[in-house]
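Have a look at the structure below, then the notes.
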There are 2 protein chains.
Amino acid sequence: MNKSAVLSSPTFSPLYRQIKALLVQQLQSGEWHPGEVIPSETELAVRFSVSQGTVRKAVDELAAEHLLVRRQGKGTFVASHDDPRAFFRFLRLMPINGEIQQAKSIPLECWRAKAGPEASRMLAIKVGDPITVVRRVLQFAEKPTVVDEIYLPGAIFGAITLDMLRDYQGSLYSFFEDRFGVRMVRAEERLRAVAADRSSAELLHVAEGSPLLSVERLSFSYADKPVEWRRGLYSTQEHCYFNELG
Amino acid sequence: MNKSAVLSSPTFSPLYRQIKALLVQQLQSGEWHPGEVIPSETELAVRFSVSQGTVRKAVDELAAEHLLVRRQGKGTFVASHDDPRAFFRFLRLMPINGEIQQAKSIPLECWRAKAGPEASRMLAIKVGDPITVVRRVLQFAEKPTVVDEIYLPGAIFGAITLDMLRDYQGSLYSFFEDRFGVRMVRAEERLRAVAADRSSAELLHVAEGSPLLSVERLSFSYADKPVEWRRGLYSTQEHCYFNELG
DNA sequence: GAGTGGTCTAGACCACAAC
DNA sequence: TTGTGGTCTAGACCACTCG
């Protein structure tokens, strides 16, 4: 194999990154599903005609980005939102006092709409394209704590119904993963403090006008494709948004 | 060197982690200062009697944790808060519209006190131990946006005065680094939405009772030693707290 | 050209999990 | 025992920076 031709190309990309891109492509194409093992490093090395160390470096990066999960002695797996270790990566709310509880999602509404200027900009679709909107409440220990409004491109999630959401056991991202083959890989959140509107105040059992944490999130799938935009209002009476600055 | 004795010890720690620990120790002891180069990989390999690859893996992890910064062709440097790339790692506030501006810190007060139960718990010191408290406002484009109250262990920061803070050009963490040799390595933040009290409302030019973002931060130096606890109130009229969920 | 970090290889051996 | 990921080594060569 003529490596020098590859290595000295004008837009230099090391071999392991090319391997990485191939692996991401496999993940994106749905060849390997969340929770499944991928071929061993030695097999991938043979398949791509590179050394095991090069595959290793590619897998290392994908593991650091939480696309893959390594388990010594068992193999390398496609990351999944079913994995309990992934639960609190996208929901940063924790009780101020007391231990962590599991959240319970209560879907309220689900309807179709056409993308307005904001949704179309966020989701990188055209104004007027179909979108699906979900409204739900999140409870901790029976107490309503978050109200979310979730905007999804209809092209992908057009088939969602309220009943599907109600029947599903597990997190919303597990639902997207299992039912629609869409895995959320990373997200951007923008937080502000706002006053509770009447409707949210009722749902969260707080006074109208009391301070709530507004969390806008844009989630991306493989290839940095935006696939979900949501706005949540968090009651922070008994919970706080936890963040680690590395 | 008898590696097997090391490798098969009951609390197994790979060689590169031991090297990493040694490097952290050097950083902590102040042998290498922020902004300076550290010895080259090959020299460290000789010094520690390991291969260059092992040193490399140790340095890789420290670079990922932002303790070191690698620059191809130049060397490996001790990370510093003076580096513009580090500015926005600890201040996650950005304008909702418009481009990023530089923050301006306005120190208001600086006094000594004795640690109460909360400060002592956070800073891992005894109740009654001396602490230094700083109060300041942060401005963006001349608009007051954040009011901070900062609690520091007096044993380390007892010498701080309001004049020192006023005279210093640069961020507070650069100040700690330059003047006290204390480098903040990571931090935990807890966010809530609260109503503005009278004093903060005046400082931030908002109405009393309007929603503010409360950000409590505990910062750690090397060896996970807590060295700063602060509470900030952020006005999120024109700014938002940006967070990336990896 | 000399020195630094960055990539790639090949091979040996260790730790862990499963059968 | 076998197969997986994890560690460690030694050496070659590439890319970048600076004098």
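Every chain is numbered from 1 and lettered A, B, ... according to where its sequence line falls, protein lines coming before strand lines.
- Remark on DNA chain D: of its neighbouring residues Lys74(B) and Thr76(A), the 5'-side contact belongs to Thr76(A), judged by nearest-heavy-atom nucleotide.
- For Ser40(A), a side-chain nitrogen or oxygen approaches OP1 or OP2 of dT4(D) to under 4.0 Å.
- Across the protein-nucleic acid pair, Tyr16(B) atom OH and dT9(D) atom P stand 13 Å apart, rounded to whole Å.
- Of the side-chain N and O atoms in Thr54(B), none sit less than 4.0 angstrom from OP1 or OP2 of dT7(D).
- Formation of a donor-acceptor pair under 3.5 Å by the Ser221(B) side chain with backbone atoms of Arg183(B) is found in this model.
- Distance alone, capped at 3.5 Å, places no donor-acceptor pair between the Glu43(A) side chain and the Ser40(A) backbone.
- Both Arg17(A) and Thr42(B) lie near DNA chain C, and the one whose nearest nucleotide falls closer to the 5' end is Thr42(B).
- Going from atom CZ of Phe12(A) over to atom P of dG5(C) covers 17 Å, rounded to whole Å.
- Atom P of nucleotide dA15(D) and atom CZ of Arg71(B) are separated by 22 Å, given to the nearest angstrom.
- Rounding to whole angstrom units, CZ of residue Phe77(A) and C1' of dA18(C) are separated by 12 Å.
- In this structure, of dG6(D), dC8(D), dT9(D), it is dG6(D) that holds the atom nearest to the side chain of Gln72(A).
- We find that CZ of Phe48(A) is positioned 16 Å from C1' of dC8(C), with the value rounded to whole Å.
- Checking Tyr173(A), Phe175(A), Phe176(A) one by one against His81(A), the ring-ring contact (aromatic ring centres under 6.0 Å, His included) holds for a single residue, Tyr173(A).
- Atom CD of Gln52(B) is separated from atom C1' of dT9(C) by 14 Å (rounded to the nearest Å).
- Rounded to whole Å, the distance from CD1 on Ile38(A) to P on dG3(D) is 19 Å.
- Judged by distance alone, with hydrogens and angles left aside, the side-chain atoms of Glu188(B) form no donor-acceptor pair with the main-chain N or O of Phe242(A) at under 3.5 Å.
- The side chain to side chain donor-acceptor pair (under 3.5 Å) with Glu189(B) is formed by just one residue from the set Arg92(B), Arg217(B), Arg230(B); it is Arg217(B).
- Taking the six-membered ring where tryptophan is involved, the planes of Tyr241(B) and Tyr241(A) are perpendicular, since the angle between them exceeds 60° and thus also 30°.
- Only Lys57(A), listed by number, bring a heavy atom of residues 56-68 of chain A to less than 4.0 angstrom from any atom of DNA chain C.
- At a threshold of 4.0 Å, the pair Glu61(B)-Lys57(B) does not count as salt-bridged, since none of the basic side-chain nitrogens sits closer than that to a carboxylate oxygen.
- Distance CG (Leu15(B)) to P (dC13(C)): 17 Å, rounded to an integer number of Å.
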- Item | From CA spacing to verdict: side-chain hydrogen bond (donor to acceptor under 3.5 Å, both in side chains), Ser80(B), Glu177(B) | CA-CA 8 Å; Ser80(B) 164; Glu177(B) 190 174 289; 2.7 Å; yes
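- Residues Glu65(A) and Lys20(A) meet the side-chain proximity criterion, which asks for heavy atoms closer than 4.5 Å.
- Listed in residue order, the members of residues 20-30 of chain A having a heavy atom less than 4.0 Å from DNA chain D come to none.
- If Ser51(A) and Gly73(A) are placed on DNA chain C by their nearest nucleotide, the residue sitting closer to the 5' end is Ser51(A).
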